[in-house]
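The structure under discussion appears below in the form of structure tokens.
Computed from a predicted structure; not experimentally measured. Letters go in sequence order (proteins before strands), and every chain restarts at 1.
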Protein chains: 2
Amino acid sequence: MTKLTLERVAELAGVSRSTASRAINGQDGVRPEIRRRVLDVVEITGFVPHAAARSLAGQRSNILGLAIRQTTEQVFSDPFFAGLVQGISGACNAQDQTLSLFLLQSADGEDRLPVRMLRTKLVDGLIVTATFTDDPLVWQLSESGIPFVMVGEAGQPDLSSVEADNDGGAALAARHLLELGRRHMATVTGPLRNSAAARRLLGFERALAAEGVPLDPRLVAEADFTEEGAYAATVQLLDGAPDAIFAASDRMGVGVMRAVKDAGLHVPDDVAVIGFDDLSPALETEPQLTTVRQEVAQLGTVAVDLLLERVRTPEVPPRRVELPTTLVVRGSTVPTAQREVLVR
Amino acid sequence: MTKLTLERVAELAGVSRSTASRAINGQDGVRPEIRRRVLDVVEITGFVPHAAARSLAGQRSNILGLAIRQTTEQVFSDPFFAGLVQGISGACNAQDQTLSLFLLQSADGEDRLPVRMLRTKLVDGLIVTATFTDDPLVWQLSESGIPFVMVGEAGQPDLSSVEADNDGGAALAARHLLELGRRHMATVTGPLRNSAAARRLLGFERALAAEGVPLDPRLVAEADFTEEGAYAATVQLLDGAPDAIFAASDRMGVGVMRAVKDAGLHVPDDVAVIGFDDLSPALETEPQLTTVRQEVAQLGTVAVDLLLERVRTPEVPPRRVELPTTLVVRGSTVPTAQREVLVR
DNA sequence: ACGCATGCTGGGAGCGGTCCCAAGAGAGAT
DNA sequence: ATCTCTCTTGGGACCGCTCCCAGCATGCGT
């Protein structure tokens with residue numbers, strides 16, 4: 001049996017290679033009747049164009065890379081990445097792109113891996129996430145002139161990026177707590193070299209200050225976005241007797257609540273707890289976690305759009321997208337009964 | 001500036017394309033001196049061969065796919081996958097292969113995705129995991145004649161696969177509990193359509209039966225490899241007043257312990273708990289979880305080896321590798337003090 | 001000194017597509 | 001009826017690399 005190539009399909013459809021190619025790729029300038037005939041042959045034979053040939057000739061691989069700058073362990077335990085990958089992979093499917101995942105753990109040698117990768121033209125562009133401030137990877141990438149976008153991280157102004165409105169979200173949390181009459185606010189931040197973590201702290205601080213309730217620096221503890229880290233941080237914070245704690249992620253919110261409870265305190269009566277993300281952990285606590293919702297999956301789809309924009313029209317300047325956040329009130333700040341009253 | 005191609009490198013080194021290619025790919029039949037010269041040019045120019053061209057000409061892409069048949073959410077919350085990906089990705093790097101990850105969630109349309117994928121020759125082969133018994137994906141793959149290996153799942157005998165000695169491991173757990181004098185054994189299994197889960201149950205049952213302590217069917221509860229699922233299952237099991245519970249994964253072990261404690265019982269005095277995997281969750285409980293260790297990362301490296309074997313020498317028949325398991329005793333079965341005595 | 005292995009090296013032919021350009025067929029205009 | 005112009009279509013030239021094969025210069029044996 002002859003190998004199934006475009007040439008062969010064209011032959012079977014009684015047209016030329018060029019015409020077959022046009023028909024298959026949905027380009028116009030093909031008589032409908034002929035297009036039909038070609039597509040029928042494709043259908044029957046189950047022809048699928050050879051990726052390498054296509055990418056060699058077409059100067060485009062239609063593969064997008066997702067580079068996550070984190071330990072494998074971290075990546076595979078943080079629901080944020082689950083949502084992000086979900087969104088990205090959905091968008092890739094919808095746009096006929098293949099997604100390839102790269103986990104960049106080490107800070108050294110492997111660093112050059114992604115750049116090498118891109119030089120091979122294996123991927124058309126890269127979505128980069130979980131980098132930290134001044135990550136060498138970022139400037140290596142921008143220097144190499146490869147199309148890429150950053151997710152959840154501001155980066156330099158001349159780069160494409162998507163992120164949630166972290167400041168605004170944190171401010172929502174702050175105002176919510178103020179409205180509840182809390183005055184002794186504490187916060188467990190993510191690693192501050194991570195820009196999202198930093199902005200959440202900043203937004204929280206500012207919003208409080210704006211209302212004349214400045215955040216006591218002793219009531220700020222830095223953690224690492226893990227439940228355990230947040231637990232430890234909270235244990236410390238509790239010495240300062242806060243009446244509300246803002247955790248920079250839901251996962252940390254879980255740790256915070258556990259620590260509060262273990263200290264014999266009640267949520268939300270003694271200490272109101274609020275998280276960030278609105279991912280699955282927020283629903284697994286008792287009471288459920290009030291949180292600032294960010295559309296994680298959408299972060300992913302927007303990232304894909306931005307990247308394709310960069311790949312397809314490099315001349316269009318990069319742009320930055322900020323997605324809105326919303327407050328989701330649950331039992332960790334407002335007891336159920338009371339909430340119903342509020343709703344009314 | 002001229003584009004950096006093999007041709008150009010050859011020209012700079014003053015040799016032919018062929019020679020440059022041989023030098024770069026480490027093939028022999030190149031005078032050492034010439035090879036040096038070529039490699040120097042490569043070094044200086046930073047030449048990286050074009051992936052598509054290479055794969056088109058060489059009939060091999062050097063990309064391996066990892067297909068995980070699970071919800072994104074599940075994948076990104078199960079430490080088992082973290083370890084597996086770690087192992088696979090390490091092995092890929094070591095063998096100069098690129099890893100591409102495919103999450104296959106839906107059971108329908110997207111099912112054909114991997115097959116389509118492979119038809120494009122984008123990946124040379126696939127590592128498949130987390131499939132279930134009679135998963136259509138498996139026969140689709142074997143029918144399509146694409147090289148692939150299965151991880152942690154027996155599959156048909158004529159397929160390459162790696163998995164831990166699940167039966168043996170479960171038997172280790174059983175015997176350990178027996179030695180501790182427990183007689184009222186219970187177990188929380190994984191989803192039984194998953195072959196690993198099924199074998200762990202089987203191994204546990206058989207080992208107990210062999211010692212004349214048959215497993216009471218009412219003390220078997222099926223869960224879904226999640227902590228929550230195991231918690232719920234355990235709540236039920238506790239009605240039967242077991243004095244030991246074998247959880248088919250560490251993550252489930254955590255749920256089991258939580259349920260036991262919430263029921264006001266003590267671990268290990270009232271109920272001994274034992275897990276499977278020896279992954280991070282086992283260390284996060286108090287007391288730490290005794291568990292059956294399987295070398296998850298090694299599962300990954302072996303998978304890559306097997307797959308490359310299939311890809312490179314299709315004529316060699318597929319083979320099945322079973323990795324040994326070991327028992328790791330911790331506080332959830334034997335209190336620290338007592339353990340020290342044992343060690344002595 | 002001559003023939004013949006042996007070892008390197010260079011050239012050419014693809015791999016399977018995409019894209020550009022020229023040629024052919026109709027349709028509309030004059 | 002002739003000439004354009006537009007719409008399709010086919011052919012050829014690559015894309016950048018690998019692989020095969022022929023050509024050449026050595027080295028050796030005799």
Side-chain angles (χ1 to χ4, degrees), chain A residues 1-39 41-42 45-63 96 98 118-122 124 311-312, chain B residues 1-39 41-42 45-63 96 98 116 118-122 124 312:
Chain A
M1 159 199 132
T2 328
K3 224 173 187 180
L4 194 55
T5 72
L6 180 63
E7 184 91 50
R8 180 91 181 102
V9 169
E11 184 187 328
L12 289 174
V15 298
S16 75
R17 213 172 53 246
S18 312
T19 303
S21 172
R22 277 183 291 253
I24 291 172
N25 293 308
Q27 295 172 9
D28 44 35
V30 179
R31 226 184 322 153
E33 167 207 340
I34 300 250
R35 176 179 309 247
R36 254 266 56 77
R37 213 192 315 159
V38 173
L39 292 181
V41 172
V42 168
T45 56
F47 168 74
V48 176
H50 191 296
R54 185 176 243 186
S55 99
L56 180 59
Q59 314 280 315
R60 194 143 300 163
S61 69
N62 293 313
I63 305 180
D96 256 318
T98 301
L118 298 221
R119 306 281 310 271
T120 69
K121 291 287 174 6
L122 214 201
D124 292 331
V311 170
R312 292 174 180 159
Chain B
M1 155 202 136
T2 327
K3 223 174 188 180
L4 195 56
T5 72
L6 180 62
E7 184 92 51
R8 179 94 182 99
V9 169
E11 182 188 329
L12 289 174
V15 298
S16 74
R17 213 174 51 246
S18 312
T19 304
S21 172
R22 270 173 236 135
I24 290 173
N25 293 310
Q27 296 172 10
D28 46 35
V30 180
R31 227 184 320 152
E33 167 207 340
I34 301 247
R35 177 179 307 250
R36 254 266 56 77
R37 213 190 317 157
V38 173
L39 293 181
V41 173
V42 169
T45 56
F47 168 74
V48 176
H50 191 295
R54 187 175 239 181
S55 95
L56 181 58
Q59 315 280 321
R60 194 142 299 165
S61 69
N62 292 314
I63 305 181
D96 257 320
T98 301
R116 265 187 79 81
L118 299 221
R119 306 280 311 270
T120 70
K121 289 288 170 13
L122 213 201
D124 293 331
R312 292 175 179 157

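In this structure, the CG atom of B:Asp124 is 18 Å from the P atom of C:dC15, given to the nearest Å. Rounded to a whole Å, the NE2 atom of A:His50 is 11 Å from the P atom of C:dC15. For A:Lys121 and D:dC15, the NZ to P distance is 13 Å, given to the nearest whole Å. A:Glu33 has its CD atom 12 Å from the P atom of D:dT8, to the nearest Å. What separates CG of A:Leu122 from C1' of D:dC17 is a distance of 14 Å, to the nearest Å. Put simply, CD1 on A:Ile34 is 12 Å from C1' on D:dG10, counting in whole angstrom units. We find that CD1 of B:Ile24 is positioned 8 Å from P of D:dT18, with the value rounded to whole Å. What separates CG of B:Asn25 from P of D:dC20 is a distance of 13 Å, to the nearest Å.
Considering only the side chain of A:Val30, D:dT9 comes nearest among C:dC15, D:dT9, D:dT18. Here the side chain of B:Ala57 is nearest to one of D:dA13, C:dC15, C:dC20, namely C:dC15. For B:Val15, taking side-chain heavy atoms from C-beta onward, the closest of the listed nucleotides C:dT18, C:dG10, D:dC17 is C:dG10. When distances run from any side-chain atom of B:Arg22 to the nucleotides D:dC17, D:dC20, C:dG17, the shortest one goes to D:dC20.
For B:Thr5, no side-chain nitrogen or oxygen approaches OP1 or OP2 of D:dG16 to under 4.0 Å. Close to D:dG11, at under 4.0 Å from its OP1 or OP2, lies no side-chain N or O of A:Ser18. The phosphate of C:dT9 (OP1 or OP2) has a side-chain N or O of B:Arg31 nearer than 4.0 angstrom. Considering only side-chain N and O atoms, A:Thr19 lies under 4.0 angstrom from the phosphate OP1 or OP2 of D:dG10.
Here the side chain of B:Arg54 pairs no donor or acceptor atom with the backbone of B:Asn62 at under 3.5 angstrom. One N or O on the side chain of A:Ser61 and one on the backbone of A:Leu122 form a donor-acceptor pair closer than 3.5 Å. Put simply, the side chain of B:Arg22 never gets that close to the backbone of B:Arg35: no donor and acceptor are under 3.5 Å apart.
Considering OG of B:Ser21 and CD of B:Glu7, their distance stands at 11.5 Å, rounded to 0.5 Å. For the atom pair B:Leu12 CG and B:Phe47 CZ, the distance stands at 11.0 Å (nearest 0.5 Å).
Sequence order on DNA chain C of the closest nucleotides to B:Leu56 and B:Ser16 puts B:Ser16 first from the 5' end.
When heavy atoms are screened at a 4.0 angstrom cut-off, B:Gln27 is found touching the sugar-phosphate backbone but no base atom. Within the 4.0 angstrom heavy-atom criterion, only backbone atoms of the sugar-phosphate kind lie near A:Gly58; the bases stay farther away.
No donor-acceptor contact under 3.5 Å links the side chain of B:Arg8 to the base of D:dG16.
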